[in-house]
Amino acid sequence: MGGHGAEDIAKHVRVYVTVFAALLVLTIVTVGVAQFHLPIRTAVALAMLIALIKGSLVACYFMHLISEKSIIYWVLTLTVLFFVFLMLLPVLDVGGSTGSPL
Amino acid sequence: MSHDDHHHGHSHGSAHAHGDHHHELGFWQKYVFSVDHKVIGIQYAVTALVFLFFGFTLMMLMRYQLAYPKGTFPSFFAKIFGAANMPGGTMLPEFYNQLGAMHGTIMVFLGVVPLAVGGFGNFVLPLQIGAPDMAFPRLNMASYWVFFVGGVVMLFSFFVTGGAAQSGWTSYPPLSNIAPFGQTLWLIGMVFLITSSLLGSVNFIVTTVQLRAEGLSFFRLPFFVWAQFVTAFLLLLAFPPLEAAGVLQLMDRVAGTSFFMPEGLVVGNRMVEVAGEGNPLLWQHLFWFLAHPEVYVLILPAMGIVGEVIAINTRKPLWGYRLVVYSVIFLGFMSFIVWAHHMFMTGMGTTMSAFFQTTTMIISIPSVIILTAFVISLFGASIRYTVPMMFALAFLPMFAIGGLTGLPLGLTAADIHLHDTYYVIGHFHYVVAPGTLMGLFAGVYHWFPKATGRKMNDMLGKLHFWGTLIFLNGAFLPMFWIGMAGVSRRLYDQTKYFHGDAVQDLTVLSSWSVWLLGIAQIPFIINFFASMRVGKKVSDNPWAATTLEWAAPSPPPHGNFAVVPVVYRGPYEYSVPGAASDFSPQFVAKA
Amino acid sequence: MDTSPYGWWFPPNISMHGAGIDRIIDVVHWFMAVLFVGWGIFFVYCLIKFRARPGHQASYQLPKAKISKVAEVGVLVFEVFLLVGLSMPVWSKYRNDPPKAEENPMEIRVVAEQFAWNFHYPGADGKFGRTHPRFMAADNLIGLDRSDPLAADDIALNNKFYMPKDRPIVLRLTSKDVIHSIWIPVMRVKQDVIPGMEIPVWFTATQTGHYQIGCAQLCGNNHFTMISDLFVQEPEEFRQWQLEQKSSGGEEEEEEDA
Amino acid sequence: MSAEIKYITEPHPITGVSNAKLGIWLFLASEVMLFGALFSTYILLRVGSNHWPHGWEELNVPLATINTVVLIASSVTMVMAWASVKLNQFGKFRMYLGLTVLLALTFLVIKFFEYRPKFDHHQVWLHDGTSMRGHLTEDDDEQDYILFTRDADKEHPDVHHEAEKIERERIFRHSSFGPGHSNFFGTYFTMTGLHGLHIIGGVIVNTWLLFPGAVMFRTNRERFAGRIECAGLYWHFVDLVWIFLFPSLYLL
Ligand code: HEA
Ligand code: HEA
Ligand code: CUA
Ligand SMILES: [Cu+2]
């Protein structure tokens with residue numbers, strides 16, 4: 001994140017505390033939602049949505065991704081792409097076979 | 001080894017005479033735990049060559065069994081391998097399977113990749129981009145030693161009860177789950193090798209991105225650097241899934257999980273007591289998610305070498321440089337979405353097979369482009385038939401045979417007949433042995449003068465070349481017919497099959513070629529070691545080449561360049577009209 | 001078989017669908033040969049014509065190379081043809097188009113094990129008896145539940161397979177232990193046999209004779225011995241064989257199992 | 001003659017990052033693929049399974065929730081440690097990084113208490129297809145039976161069972177709730193175990209930076225800040241993985 005003056009850093013620190021609070025709240029929310037034993041599809045969607053938000057907060061603010069250089073974005077874009085291929089794997093496996101489980 | 005090693009034998013002081021060494025480094029730091037990319041590169045290369053040779057020896061043994069399945073081995077072998085492997089001179093099937101699995105593993109992970117990436121990549125890449133070293137020298141050293149430990153674990157596995165891994169280099173479960181202890185060591189070894197590759201690839205990428213000399217833009221990079229750069233990304237992103245798979249199989253074997261074992265397995269008429277519900281195909285997906293990109297890891301560095309050698313020895317620019325670079329990038333990218341073409345026979349339906357057939361056909365196009373560019377580069381050239389050039393030229397038709405025979409395998413309908421037969425063995429050996437190995441040999445002859453300050457002998461080199469070319473073809477060409485006839489791979493005795501018995505003569509022919517191929521390597525080994533001491537001394541730029549590594553002294557000192565190089569032009573400016581000589585180095589400003 | 005039909009090329013093809021597969025392999029290889037020879041001629045020409053020699057200089061100017069584009073596009077077009085025109089139709093027939101009921105297919109369960117092929121015929125009633133891994137034993141290799149009435153007339157064979165010609169056969173493939181791969185060269189049939197799954201394959205024979213069924217996937221030490229005899233018979237002959245099996249009764253059937 | 005390697009600390013003029021920064025991100029990219037493969041495995045196995053339990057039926061959600069908070073807190077202290085280096089406050093830096101290590105250790109201790117009881121708790125599957133959960137009271141290889149105390153079941157939570165004899169020939173399989181119990185527990189132990197190893201790695205690195213490595217705070221503060229940043233990036237990533245592991249394994 002480049003050279004920072006002392007005020008910059010102080011500003012950062014305030015952001016960190018805010019993000020911390022947000023993460024705590026979201027943790028409580030996700031555990032709270034889980035108590036309702038929602039139908040599995042809804043539950044997965046909600047849990048992953050919350051995890052995605054939390055993850056983005058950590059990545060953007062603690063890992064300073066929000067103000068990162070473009071080369072890092074390039075690396076991550078590539079990774080995300082291959083990550084998606086990896087996530088397609090179960091789909092292929094389950095949907096792709098002409099056999100049936102015993 | 002190399003120059004320094006040579007001097008070391010006589011006296012420590014003589015090295016100083018060259019003014020190469022500022023820091024007083026002890027023997028251990030200089031030759032063993034060195035952080036210098038050149039020493040590490042040479043360590044990698046020599047270790048890898050030894051492994052290559054070892055992997056080849058395993059295969060020479062196997063070829064005897066294949067040629068004479070009913071005969072017995074000479075008593076000499078029976079004595080060496082003992083009753084556990086070769087009672088009365090008869091090779092046991094389990095020993096055959098160990099040799100096969102370990103041949104594949106050693107050749108790929110301990111031979112070719114360490115030589116192509118660890119050896120040539122480490123030695124040449126920083127020099128070609130004008131860097132003093134890798135970005136993380138200590139990580140580099142760690143990478144070598146982690147690799148070394150992985151190799152030792154693999155070798156050690158031959159000596160444990162039950163022997164080494166014996167479920168093929170692909171280690172398909174459930175077979176590998178119930179295999180003897182050697183398989184556990186194989187997995188542990190693989191985790192080391194993967195870790196080593198990851199460390200290496202991070203280093204390569206950062207070095208290429210950050211440490212290029214002034215003026216060396218991406219499109220002025222030698223093709224070899226591009227090849228290594230893309231390779232590093234393949235290693236970085238494709239290896240971790242195999243690492244995950246390795247951990248899962250390790251859990252299956254030691255912690256009693258059943259990731260890869262379904263319910264109701266019965267071995268020896270007893271139900272296996274595991275939880276079940278696992279999926280054997282999961283391993284195959286994870287394995288090929290790595291192993292397909294891995295085959296491009298095997299070929300790309302070799303292509304890089306061939307591109308360099310061709311440009312230099314045709315005395316003209318590489319044709320279509322940009323197109324070739326784009327092709328390599330595209331190839332690297334596509335290699336992540338073709339993996340299931342190794343799994344067509346697992347029961348795949350039409351949609352999925354249509355997808356993977358299509359991507360497989362698409363991925364052949366960049367290879368065609370690259371090969372075409374290389375061949376067109378010959379047009380209007382002035383070809384110097386040096387030893388490295390001969391290897392590089394032979395690479396082209398050899399790779400073409402290997403690549404072209406990949407096409408029928410990529411078509412599911414044809415693959416029904418060809419899958420898991422010797423046709424597949426023929427296909428991929430043409431790309432890895434007459435292809436990649438030829439490329440790597442070209443690299444050894446080409447950069448030997450840079451590493452040692454001496455040239456390898458031409459006569460011996462040509463002897464090596466012709467012997468290798470002829471006998472490699474003798475070994476692998478028959479395999480296409482053997483495969484067409486329907487003979488399966490990993491078969492201890494093919495004569496049990498009607499169709500196998502009918503082509504046994506071809507198998508014998510192939511075996512004899514393999515042994516003669518072994519003999520053809522003798523000139524190389526002699527040449528390699530002798531030239532370090534008595535080879536003809538040459539100048540810093542013996543091939544009259546343009547790329548940066550030839551600006552450094554031979555051998556380059558610690559820190560590489562006497563003067564920090566600046567780059568003025570593209571990598572292959574040969575025979576520029578109006579120029580003083582037929583080559584205009586990247587590092588020389590216009591007169 | 002007096003003169004062996006096996007030689008240095010394809011094994012004989014005696015299946016209905018095999019010709020399509022052979023044709024693809026032929027066509028692709030002609031395509032490859034043309035490419036290789038074309039490139040090869042140019043290659044060798046360059047090697048000779050442009051060798052370094054006194055008075056000869058390399059030309060910096062890049063040759064105009066329309067040919068390469070033509071060739072590359074040509075390769076692409078041909079590959080599309082191979083894919084869409086040849087491979088995909090054959091494959092979808094092979095994988096997704098099982099024989100219809102009116103073709104009167106015969107279903108047989110195949111239970112692969114280290115290192116043998118077990119065949120489970122439904123018997124005269126056309127229905128398979130229940131099976132479970134729990135029942136597997138040296139004298140009951142397919143794990144047949146003998147208390148099931150449907151099992152009474154079932155036939156189990158070890159490393160022997162009898163089938164009639166001209167009638168579609170559907171094999172239902174399962175494995176007890178590891179992955180095997182059924183490989184019937186003369187039928188152009190190959191299919192991995194995966195434990196925990198049942199995978200069907202089908203084919204129709206056009207000729208009688210004695211052939212082999214092999215295993216194409218490394219499955220352990222004796223992988224190379226995992227060969228079953230395959231007898232393709234005239235329908236009449238086959239019916240006869242089937243009758244003999246039935247008349248052999250319950251006890252002797254176990255003999256067949258072992 | 002030996003030129004120095006450039007851009008160790010200072011950013012490259014074109015890419016704008018230092019070597020170390022690019023390196024650590026590349027490393028994290030490979031880690032994404034590693035954990036990605038495991039998540040992929042998890043999805044595949046779960047979708048293909050007939051009796052995959054809900055995480056909250058089998059695992060200790062309160063402990064895991066506490067651990068989530070612990071790990072998030074450690075991420076905050078980590079980033080604060082970096083800010084303190086930037087602000088040239090050595091004392092604060094020590095405190096924050098020390099806290100980070102402590103929180104990491106807390107995480108591991110809690111994890112231990114989460115793992116522990118799983119290995120004492122058993123399930124027995126009988127050949128007749130039924131199964132029971134409880135504690136293995138006696139398992140003597142000499143005897144042809146085992147002694148087993150069933151858990152109180154859901155309908156009668158207060159009933160305490162006596163230890164009962166189960167003949168070995170009736171038993172198909174018995175297992176603790178360790179990794180071998182089922183694919184659920186296999187996945188759980190593998191994924192959290194690998195994550196735990198990453199935590200241990202982080203503890204080692206941070207401890208080094210806290211003591212011997214901290215010398216660089218005085219000798220070369222810019223470079224030290226770079227190191228702390230890289231250690232931090234790794235640590236936040238480990239946190240990030242947990243943020244996905246937690247709902248996937250415990251809450252769904
Ligand atoms: C270096 C390694 C390498 C390379 C580059 C390739 C390249 C290709 N491979 Fe190969 N392959 C392997 C290594 C490699 N492969 C290995 C190791 C296995 C087996 C693993 C195992 O099961 O153990 C395998 C197996 C394998 C299979 C699975 C077969 C089976 O198990 O049934 C398939 C199927 O699609 C396939 C396809 C291809 C294709 C389409 C290419 C394409 O990329 C090829 C493209 C190239 C061309 C089309 C050539 C073009 C050139 C010209 C036309 C120019 C001619 C020039 C002159 C004459 C000068 N390969
Ligand atoms: C990079 C990969 C690679 C390479 C280079 C090779 C090289 C060779 N391979 Fe193999 N092979 C595999 C990868 C490779 N192989 C794999 C993955 C399998 C599948 C395994 C499985 O089924 O699981 C396989 C399987 C395989 C089989 C099938 C076995 C079976 O199915 O039962 C056969 C059979 O002939 C074979 C033969 C050969 C031969 C004759 C060579 C020759 O080309 C070898 C040539 C070697 C040299 C010429 C050595 C050169 C080195 C030196 C001379 C050293 C000099 C030393 C110093 C200077 C210090 N290989
Ligand atoms: Cu069964 Cu090979
Ligand atoms: Cu492939």
Side-chain angles (χ1 to χ4, degrees), chain A residues 1-6 8-10 12-13 15-17 19-20 23-24 26-28 30-31 33-35 37 40 43-44 46-48 50-59 61-64 68-72 75-76 78-80 82-91 93-94 101, chain D residues 11-12 14-17 21-22 25-26 28-30 32-33 35-37 39-48 50 54-56 61-62 64-65 68-69 72-73 75-76 78-80 82-84 86-88 222 229 232-233 235-237 239-241 243-248 250-252:
Chain A
M1 352 86 274
H4 300 285
D8 274 345
I9 300 289
H12 277 199
V13 170
V15 175
Y16 299 151
V17 176
V19 170
F20 183 37
L23 289 173
L24 290 185
L26 286 170
T27 305
I28 294 167
T30 193
V31 175
V33 167
Q35 306 308 309
H37 305 333
I40 191 73
V44 169
L46 257 175
M48 285 301 119
I50 297 172
L52 216 60
I53 298 173
K54 289 168 76 181
S56 312
L57 285 175
V58 170
Y61 295 102
F62 291 172
M63 300 169 89
H64 305 121
E68 200 40 276
K69 296 291 176 296
S70 64
I71 177 127
I72 306 289
V75 170
L76 292 182
L78 194 68
T79 313
V80 166
F82 292 142
F83 182 81
V84 169
F85 297 151
L86 204 50
M87 287 298 136
L88 282 180
L89 194 151
V91 185
D93 188 80
V94 175
Chain D
H12 185 285
I14 297 171
T15 62
V17 295
K21 179 101 160 258
L22 182 56
W25 274 108
L26 287 166
L28 294 184
S30 85
V32 168
M33 296 303 278
F35 282 100
F39 271 103
S40 203
T41 299
Y42 165 76
I43 298 170
L44 194 146
L45 291 176
R46 180 164 187 168
V47 171
N50 299 323
H54 291 285
W56 34 265
V61 178
T65 310
T68 308
V69 174
I72 292 175
S75 235
V76 178
M78 185 79 218
V79 79
M80 294 299 262
W82 170 78
S84 309
K86 281 295 211 185
L87 293 170
N88 201 6
E222 263 312 302
E229 193 190 358
L233 285 172
W235 191 249
H236 302 313
F237 176 79
D239 185 19
L240 210 154
V241 170
I243 285 176
F244 283 91
L245 277 182
F246 172 56
S248 309
Y250 294 82
L251 302 182
L252 291 175

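Model, not experiment: these values are computed from the prediction. Just so it is clear: chains get the letters A, B, ... in the order the sequence lines come, proteins before strands, and each one is counted from 1.
The part of D/T68 that comes within reach of chain A is its side chain, from C-beta onward, which places non-hydrogen atoms under 4.5 angstrom from that chain. Interface residue D/F237: backbone and side-chain heavy atoms are both found under 4.5 Å from chain A. Heavy-atom distances place both the backbone and the side chain of A/L23 under 4.5 Å from chain D. For A/L52, the parts lying under 4.5 angstrom from a heavy atom of chain D are both the backbone and the side chain. For A/I40, the part sitting under 4.5 Å from any heavy atom of chain D is the side chain, from C-beta outward, and nothing else.
To the nearest 0.5 Å, atoms CG (A/L46) and CG (D/L251) are separated by 11.5 Å. To the nearest 0.5 angstrom, D/L252 atom CG is 12.0 Å from A/H37 atom NE2. Here the OH atom belonging to A/Y16 is positioned 11.5 Å from the CE atom belonging to D/M78, to the nearest 0.5 angstrom. Note that the NZ atom of D/K21 and the CD atom of A/E68 stand 4.0 Å from one another [nearest 0.5 Å]. Taking CG from D/L26 and CG from A/L76, the interatomic distance works out to 9.0 Å, rounded to the nearest 0.5 Å. Rounded to the nearest 0.5 angstrom, A/H12 NE2 and D/K86 NZ are separated by 9.5 Å.
Chain D forms more heavy-atom pairs under 4.5 Å with one residue of A/F20, A/F62, A/Y61 than with any other, namely A/F62. In terms of heavy-atom pairs under 4.5 Å with chain A, the best-connected choice from D/Y250, D/F244, D/F246 is D/F244. Residue with the most contacts toward chain D among A/V58, A/V17, A/L78, A/L24: A/V58 (heavy-atom pairs, distance under 4.5 Å). Ranking D/A64, D/G232, D/G55, D/G36 against chain A, the residue ahead of the rest is D/G36, based on heavy-atom pairs under 4.5 Å.
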Determine, stepwise, if the pair A/M63 / D/L28 fulfils side chain to side chain contact (heavy atoms under 4.5 Å, CB included).
-> CA-CA 12 Å; A/M63 300 169 89; D/L28 294 184; 3.7 Å; yes
Test side chain to side chain contact (heavy atoms under 4.5 Å, CB included) applied to A/K69 and D/T15, step by step = CA-CA 7 Å; A/K69 296 291 176 296; D/T15 62; over 6 Å; no
Evaluate the criterion side chain to side chain contact (heavy atoms under 4.5 Å, CB included) for residue pair A/I9 and D/W82; output intermediate values, then yes/no.
-> CA-CA 10 Å; A/I9 300 289; D/W82 170 78; 4.2 Å; yes
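Annotation: ring-ring contact (aromatic ring centres under 6.0 Å, His included) contacts of D/F35 (sequence neighbours excluded): D/H198.
Nearest heavy atoms, A/T79 versus D/A29: OG1-CB, 3.3 Å. In this structure, D/A37 and A/L86 approach most closely via the heavy-atom pair N-CD2, 3.4 Å. Taking every heavy atom of both residues into account, A/F82 and D/M33 meet most closely at CB-CE, 3.6 Å.
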